[in-house]
Each structure stands twice: as structure tokens, then as C-alpha cells.
Amino acid sequence: MATQRVLQWRAFARTWWLYDAANQCPFVSAYRVVPYLQGKHKPIFHPLSDVGDHVVVINTKDIAMQADYWRTFTFFHHTGYPGGFSKASAWRVHEIDPTRVMQLSVYSRIKGNLLRKGLMRRLHLFPDDKIPDEILENVSDQIRQVQPVAKRLDQYSEEEVTEFPKFFDWPEDFVKDGYKRHMTRKKPKRRYTV
Amino acid sequence: MAASLVRSTLGCQFARFLRPSLITAAGQTQSQRGVKRYMRAYLKELYNRRLRVGPEKLRHRSEFMNWNYNAEIYAFGKRLGEEFSNDSLQAAFTHRSYIEAEEARRADLGIDVASAPLGLTDNSELTQKGEETASRYIKAYLRSSYPTMFEEAIVAIHDHLMSDDTLSHIASHIGIGDLMLCSDFPPEESTLSKNFLAVVGALETDKGVKRAESLVRDLVLAQLVGKELMELWSVTNPMGLLMAVLDSQGRGPPEPRLQWQAGQRTIMAVYQVGIYSDKQLIGQSAGERVTIAEDMAAQDALQRMMGIGSGHMPLTFRTEADKMELRYDPKNISAEELMQTYELRQKENSVS
């Protein structure tokens, strides 16, 4: 049945989606991305059938955490051996691997069943927008971002900044750009692995 | 008795078979004192004997008890909801080979066939009559159901319906196999299909063409329900035919466009091609490669033109079909003729 064959082929085809994680919360993004990995957006979805799509996430190095989460949100890990526990705050994990926070938030969003590892294999994470051609050529659509991206101050032109109405001028000896991260934390007991 | 017990339980699993059943005919469980351990060995022996002997020989229903041929023939007509005369139905079920075999048997017994005739007529005449009626009606029904369908497709569907495969399937499912009088057993497909046509012929003799045609519609044409009609008629060059058809209708040439694609660098790549004519979508389909998708899209466009696409009305049956105006004579447009005229026109254009 030739016609039915191609209809079947199309119904079970895996679409490749692109998701731009720049300035997006990784936890909210996980809620958006996971249904695509599971195939829940398809009418043929069934929890036991493997009908999920591929999702290519780019710019994971530019993800945005709300409030003070870069400092306070902690990722835990245990190797399973005695003394194998380690933990690291979000900024530290992000420093080690810029795709890791996104990966962990998607992983924890998926239910812990036998499908989880397989679904994660269809999540392709890239720290920036440099994607290999063999992956980019597969992509046929994109997923909408979860939050609007605000324009940064340095993205406005000089003219726009000067013309913006101001209540007062900063005094000349005021140091505007003096914030630096305090490195007073203790060295972690064990290096956060994987 | 034991043999029949074994036969009835052969299909069951071995372990279940060895468990003595305590359920009586009334479907109620009976209390039994203790477990009869000898039963296991006994039933196992019976089972193994049956395996050694092999399956029972296939026998005609008439070899078993409670077989009344006349009653069965009468019931056959009633099952179909038709009023047959007994003689014509009996003639429809009598095959030439049966008469020959019977005469040979009588000759062996020393009975003179000329002085004591069998009084049976075979069904060859009725078969021919039924075949003509069925064939004529199927084509007419298809032509009036699908006025834009190519004649080649109608002939292909007709051939499929009139094939031994289809007709013998119908015949065996309305119980013709048991009623047939023929020398071959189990009956061959060709014998079964001929006998079905003989039944149609018998009905025509008794009740007229209209009634016979409605039998053909209810039993034979109903086989098309849920079938992919494009599969019965294979087009070798769908795009060429589509070009010819559009040209004959004075429409623009078909223009295939890639509508959508996914996973090009994977083994699960899928492409969807749409075919447009004068910026109107006339067909679309997916495929594993662009060429396959284009071919299938052209087939889809042809399907839509012939009125057999997925969005079209199903065939009409029952009383609605009686009201249908049948087109027996004028044939539908032929795909081959269209192609030839198109090629001729192309040649003329290239010359001028």
C-alpha cells in the first residue's frame, strides 16, 4: 500500500526543533522543551510509544536565572560510593560546563522511567550558536522562547542613551562599573563531577 | 468418544489440556473427591497418539450426520434474503465434474445411464449468464460512481473484483463451499468463484436482472469498502499522465514544490511535496526522498481528480444505490488516449 506507506512514514517522522536559550530561564525552558522530546504535541502520542522529536538548544551559555539563583541554587551529585557526595552552586556548574544547567533542568523535568535516557539523547545542547552542519540541516522548525528578551543598555545607540530623560547627573567621581564578584567562598570539599 | 474429546482440545495449550476439567455442560462446577491422578497419564497418551496419527482428514459436511441437502439449499436462499426456485438453485450448485463423476460411478455399477438419466443440469450456462450480468453491472456502477475516473482504472478494479481470489472469498463466506456438488474437495478457487456467478445467474433467471445486480452490489462491490483503489490500478508515470490531463483541461502545467522537510541528514528523512497548477494546490504527499514524494504527490493529484481521494464521498449502497442512474454504455475517458493526444500536441508544438 504505497500511499499508506508514506503516510505512516510521515506520521512517525521525527522533526528537529531549534530552541534559542539566550536570556531564558532554564527551568521554565525545560517545561517548554520536554513535551517536544516526549512527542506530546502529536495526536499519535502514547506514553509507551517512542514518538518524540529532536530538540537542538543553542546559546546555553547565555541562559538567565531568576533572582539570586546563580548563587543560591545548588546542584547535588552522588557517585553511589561512600563519601561520593558533592554539590555545587549553579554558577559553578555553569562555569564547568555551559550546557550542564540546561541539561540537568530538562533531565529533572522528565519522569524517571526507562524512556528518560533515550529522550535525553534527542536533546542536543550547544553553548553558542555554532552548530555542526549535519545537525543544523536537520532542523525544520523552532520552538517559541519562554520569556521576552529585553534589550541591554549596551545595545542602545549612544544617541538614544544620551537623549533618554534623566532626573540627575552622576557626580564625576562616582564609580559606576565597580562591581566585582567576591571570591571569599571556601574551596569545595570535592570537585563537582559530571 | 475419546477421539472427539482429543479433537476438541487439540487447539488448547498442553498444560491446560492435561488439567481435568470439572465444568459440566451446564457450565456449573461440580465437586469432585480428590484428584484422579491416572487422568493425566491417560490424556497425555491420547494427546501423543493424536500427534502421531496427525490431523484428521478434511471431510465434506455431508459426511457427518444431520445433513439435509434440500433444506440446506432452501436455507441458503433465505440467508441471502432472496427467493430462488429450487430447480435453478440446484442447477447453480451442480458442477460439470460432479455429473461426470456420478455417471462414471453408475457405469461402474453397471447401470445404463441412457435408460436411467441423472436428471441434473450443470451450472455452466448459469455461470456465463451471471458473469455477464456481474461484469456489466460492476463497470456501470463504477462509471456512475466515479464519472471522472479513467477507463483503465475502472477495468483494473473490475478485474480485481471479478478475479477468482475475490469471488472465491465471497463464495466461501456465504457457505457455497458446503453446498457445491463438484468432484474436487476441498474445492478449488476457480470452482468456487464460478459457482458464485452461477448463483447470480440463477437469481437473474428467477427474479430478473435488477435483483441479480443488487446481489452483486451487496456482495461483490462491497468488497471495495476500505480498499485503496489506487493500489488496484498501478500508474507507471503519474506525473506524465497528470501533465496530459491538465493540458487537456486547459490548465497550467503541474509544478512540484517542496512544502516541508525534516531530518535530511538522518535515515528517517521525510519530505513533503505539493503539486500546484495555476498556483492552486492539486495534490500533496510525503516520501522518504524528494523523488518518491513527488511521485506520490502526482498520484494523489490523480486520485483527487478521479474522486477517490481521502476526502471524497464513500460508495453508495443499499436503497440509495437503487436510485442511481447507471451508465452502461459510454465509456469513461481513457488515460492512454489522453497521453497520446498530449504527445501529438507536443510534437506539433515543437515542429511549429
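Reminder, nothing fancy here: chain letters follow the sequence lines and each chain counts from 1.
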| message | For a side-chain contact (heavy atoms from CB on, under 4.5 Å) check, start with the C-alpha distance between A:Trp16 and B:Thr266, then their side-chain angles and the critical distance, and finish with the verdict. | response | CA-CA 11 Å; A:Trp16 288 61; B:Thr266 64; 3.8 Å; yes
| query | How long is the span from the CZ atom in A:Arg10 to the OH atom in B:Tyr271, to the nearest 0.5 Å? | reply | 15.5 Å
| task | Please determine, among B:Gln261, B:Glu288, B:Met268, B:Met230, the option with the most heavy-atom pairs under 4.5 Å with chain A. | result | B:Glu288
| message | For residues 134-158 of chain B, give me every residue with a non-hydrogen atom less than 4.5 Å from any non-hydrogen atom of chain A. | response | none
| request: Select one option (side chain, backbone, both, neither) describing which atoms of B:Ala269 are under 4.5 Å from chain A's heavy atoms. | output: backbone
| How close do B:Gly287 and A:Val6 get, heavy atom to heavy atom, and via which atoms? | CA-CG1, 4.0 Å
| Taking atom CD of A:Glu159 as the centre, does the number of heavy atoms from other residues, nucleotides or ligands within less than 6.0 Å exceed 12? | no
| message | Closer than 3.5 angstrom, by distance alone: can the side chain of B:Gln264 be matched with the main-chain N or O of A:Glu137 as a donor-acceptor pair? | response | yes
| said: Using a 6.0 Å cut-off, check whether atom CD of B:Gln280 has over 12 heavy atoms from anything other than its own residue. | reply: no
| Given A:Thr15 and B:Trp260, is the side-chain contact (heavy atoms from CB on, under 4.5 Å) satisfied, shown in steps? | CA-CA 10 Å; A:Thr15 315; B:Trp260 179 81; 4.0 Å; yes
| chain A contact via B:Leu232 - side chain, backbone, both or neither, heavy atoms under 4.5 Å | neither
| note | Rounding to 0.5 Å, atoms CD (B:Glu231) and CD (A:Gln4) come to a distance of 8.5 Å
| A:Asn138 and B:Arg265: which non-hydrogen atoms are nearest, and at how many Å? | OD1-N, 2.6 Å
| query | Under the side chain to side chain donor-acceptor pair (under 3.5 Å) criterion, do A:Thr3 and B:Gln299 qualify, and how do the steps go? | reply | CA-CA 9 Å; A:Thr3 327; B:Gln299 276 203 24; 4.6 Å; no
